[in-house]
Amino acid sequence: MKKIGIMTIVGLIAVSAVAKIDLVTLPQRETVQMTIYNSADLTLVRESRALTLQKGLNKLQFSWANTLIDPTSLEMMAKANADKIDIFDLTYPPRVRELGLWSIKSGVSGKVPVEISYLTSGLSWRAFYMGTLSADEKTMFLKGYVRVTNNSGEDYENAQTRLIVGKVHILDQIAALARRQYPYGRPGTYPRPMMDMAPPEISREKSSMTYARAVQSSVATPKVIKKEGLSEYFLYTIAGTETIRTGWSKRLPSFEAKAVPVVNLYKYEEERYGRSVIRFLSFKNDKEHKLGETPIPGGMLKIYRAVDDEQHLSYEGQSSFKYIPVEEDVELNLGLVQNVVVEPKLMNQKTDRYLFDRNGNPNGWDEIQTWKMTVKNTRDVAVKIEIQRNVHARNWDLENKGEPGKYEKVDLDTVKYTLELAPRSEKVFEYVLTKHHGRRAD
Amino acid sequence: MKKRWIVGMMVLVMLAVVVVSAQARIKLVALPERGATIIRLDNPQATLIEEERVLTLQKGVNKVDFSWKGVSIDSDSIRLTVLSHPENVNLLNVSYPPNEAALVWEISSAAAFEEKVRISYLLRNIDRMITYKGVADKGEMKLDLKSHLILRNFSGEDFAKALVLLDYGEAFEQGIDHEETKQLLFLKADGTPIEKVWKFDAARLPWDPEKVSGNVGIPVTYKIENSEKSGLGKFALWGGKVRLYQDDGNGGTIFLGEDRATVDGKTAQIVPVGEKMEVYIGDSRDIVVTQRKMRDKKINIRRNNGNRVVLYDTDELITAKIENFKDKPAKLTMIQHIRGQWDMKKCNMDYKRKDASTLEFEIELPAKGKKELSMHYHRRNVR
């Protein structure tokens, strides 16, 4: 499955005489590092190889048939004697596909370590999570995982694997660049239909040996993932190396946090959720919540709850969430519930304070509504409820009756009530909303 | 390797017979080899080829046949310049044979000469591109910038050896075959200072990121000045794809993003000296802006005789909470828009008026810090 090939050609002068090339070495890839992005189908690969160069002009052929490498991203750098080695051009020869020819002027002869880097598509990763709530739902055992998938057409053996969290801007899909007939395209029109433009075939044949190998490489102890911020990205480096053959994917644990304090938060907002109560699990990505070391990449969280002492679980729901920066509040939407109820009731409505125009038609008035809000917690745990009410008017007044009397103005026509309810309890409050219409609103 | 000659560019010199009426005795005098060839890439719209050949001319009128089968030449662009004996050799006329990619020059020569001529023409499907690759340091203060020239030859013609000319810099010798692409390093500047900018435009990005299903990213742009202090500034930089990487501090790099070079937010054909090349690399999710309208009232209402409102002012209040979750300070450029005639009642931050309806704020955000913009304004004489 190794498709990336490399060879050195020494002392070649005539460019056209490719057929007469002198194959000197076929150096093995020594180390390889993959930096995999998840916001785009993009992986930066750096590999080191030792070339055997001769003093003078060397030609190095690099081929990548049936991979998904973007040939315009290819770069080679000498890691020793860099001042004596001049990599002066890269030629994509005519009528040969998926092959590049580097011209190297070397002032030294012998082994020279080089680094070859390029962008490829076909590798991806995603984050997912499992949360287990304590029986009292006050804490959650949170485990994060990443799943790395290799569909690149190339086996990357013993590769240092790094994952990038962040939203990268790219102009062209790497896969599309990889499939171009000519690396940089061509000016003018294509003279004839392209013959072999099918995407590289991703082989799925898997012998029993590869299966055995995969078992062998499964780790005895979970690996540590090192995390650090770089520019607008977060870089996860998986300890040691990984072998992910093409077609395979691998799940790796990324972090775990025991006993993250969580709040059972319920929300009611007709404009967003209709007439249902939505359950949220809220916490903060900070030290206080046993987190906050790194941002949390977006992904799906499945939430379970411990139901007894024998580690039996009940499934509470799932929520996919977006990227959570450090110190940011998290609210995981677990879907609508029946066991916490919010019932708004219009108890009274009237109009008043009319104004009339010269013809005697009304052109200004107030509309007064009395709302009764009943909030019930039928659960045996305490809950917090946020109720947002949209006023649908530009000019309005609001007066509260009973407990709780406080609201927070969210924006020009939205207010928010926040209530805490003890297990199996009910709260009722009323408010009077006066909406000013017509000239009364001016 | 050369399986086929797509190009058949030949020069046939024919000796014209004196007696016009008699059957022409066509004699192949010479098939001259192409001499010094220049590929001029200074005009991005078209590539000019200049090639020198030596014609063996006889005394009298000579016919020189020039054909370009399989090669896309603009036939009106073909010129012939006589170099050795311009006083004694004249181009009389040019004729085009039917259904052929060819022309025939009728050249009058005062004597038999080995005449050096230059043939120039516009050749299609051979061009150049420019790409940039920059590696920023870990602190994102400077950039090692490289630029590559990409020569693409799909003209149908092989150039074994040619002098390539750009619109600046030295000409260099380079061969390039048909269907060949060559990548050559042509500019290198280490330690070029860069400026990193985050930009929130209230007309482009959602106001309440909480109500959006995905993350709202704040666009991040790098700015590179084409000036001497940047190690550049010798000539206008051509536009092209820019790929940026960053040193990861462990001997490796990460890919930061790519963009076409822009100037003032527009894709640039060139970045003139003194201008800044802007490269949008991606979106930051560690700066979060939550903007809300807190008040929008009609005031100062004026009515007509029918008591209808005909003119009013508004009383508007906009707040924007800006949170920096990064552990580094950041400078956010915030763009706000107020339509029509307006005046600011109170604003807790300084701004620049970019045009009648655009306000630009430069907001310094401390690491892990938060700021809140409050903008209280009146729009005047709204109908």
Side-chain angles (χ1 to χ4, degrees), chain A residues 15-19 33 35 37 39 42 44 46 72-73 75 87-95 117 119 162 164 166-172 182-188 228-233 235 272 295 298 322-323 325-328 357-358 363 394-395 409-412 439 441-442, chain B residues 1-3 72 124-127 129 131 133 136 138 140 150 152 154 175 177-185 211 213-215 217 220 241 243 246 248 252-260 280-286 288 292-298 301 306-307 309 312 325-327 368:
Chain A
V15 182
S16 59
V18 177
Q33 180 192 62
T35 308
Y37 290 70
S39 71
L42 168 82
L44 172 63
R46 292 196 309 139
T72 70
S73 67
E75 188 171 28
I87 302 164
F88 63 92
D89 74 14
L90 169 59
T91 302
Y92 306 95
R95 299 172 284 280
S117 63
L119 299 173
R162 311 196 303 173
I164 290 269
K167 211 169 154 192
V168 66
H169 179 246
I170 54 170
L171 294 168
D172 306 295
Y182 305 107
Y184 286 92
R186 57 158 293 171
E228 62 180 317
L230 274 173
S231 188
E232 299 308 311
Y233 303 99
L235 178 66
R272 279 172 84 180
K322 39 194 183 185
Y323 171 88
V326 173
E327 299 282 322
E328 195 170 62
D357 64 13
R358 288 196 304 184
N363 64 356
R394 258 159 60 118
N395 202 335
K409 193 172 162 186
V410 177
D411 61 22
L412 64 98
R439 279 170 61 199
D442 295 338
Chain B
M1 195 53 214
K2 247 170 242 174
K3 285 183 232 154
S72 193
R124 286 199 196 94
N125 302 334
I126 174 165
D127 70 354
M129 295 163 80
T131 62
K133 180 178 177 177
K138 207 179 172 192
E140 298 178 89
I150 316 293
R152 303 188 298 179
F154 292 83
D177 282 349
H178 171 58
E179 289 194 307
E180 190 166 63
T181 303
K182 264 187 191 291
Q183 187 199 74
L184 308 156
L185 181 70
K211 291 189 178 165
S213 61
N215 285 90
V220 180
K241 189 196 257 190
R243 278 184 165 156
Q246 187 190 6
D248 63 7
T253 54
I254 64 162
F255 177 63
L256 286 178
E258 67 179 23
D259 193 14
R260 265 194 206 291
Y280 160 50
I281 58 158
D283 296 330
S284 173
R285 301 191 284 197
D286 291 323
V288 177
R292 284 188 178 138
K293 186 167 258 191
M294 300 304 285
R295 187 159 66 229
D296 190 358
K297 278 193 173 144
K298 287 181 190 171
I301 291 165
N307 213 16
V309 176
Y312 62 90
F325 293 104
K326 299 162 71 70
D327 51 13
K368 302 240 174 243

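Since we're looking at a predicted model, the values are computed, not measured. Throughout, protein chains are lettered first and strands after them, A, B, ... in sequence-line order, and every chain is numbered starting at 1.
Across every non-hydrogen atom of I254(B) and Y37(A), the tightest pair is C-OH, 3.6 Å.
Under a 3.5 Å cut-off, the side chain of K326(B) and the backbone N or O of G229(A) do not form any donor-acceptor pair. Not a single donor-acceptor pair under 3.5 Å links the side chain of Y182(A) to the backbone N or O of E179(B).
Contact count versus chain B (heavy atoms, under 4.5 Å) is highest, among L171(A), D89(A), L119(A), T72(A), for L171(A).
Residue Y184(A) forms a side-chain hydrogen bond (donor to acceptor under 3.5 Å, both in side chains) with just one option from K182(B), R152(B), Q183(B), and that option is Q183(B).
Ring geometry for Y280(B) against H169(A) counts as tilted: the plane angle lies between 30° and 60°, on a 0 to 90° scale.
Here the side chains of V326(A) and K368(B) are in contact, with some heavy-atom distance below 4.5 Å. Side-chain contact between S231(A) and I281(B) is present, with heavy atoms from C-beta onward closer than 4.5 Å.
Remark: K138(B) engages E228(A) in a salt bridge, criterion side-chain N to carboxylate O under 4.0 Å. Of the charged side-chain nitrogens involved, none lies within less than 4.0 Å of a carboxylate oxygen, so that R292(B) and D411(A) do not count as a salt-bridged pair.
In this model, no donor atom of one side chain and acceptor atom of the other lie less than 3.5 Å apart for E180(B) and T91(A).
Distance check: L185(B) CG to L90(A) CG gives 11.5 Å after rounding to the nearest 0.5 Å.
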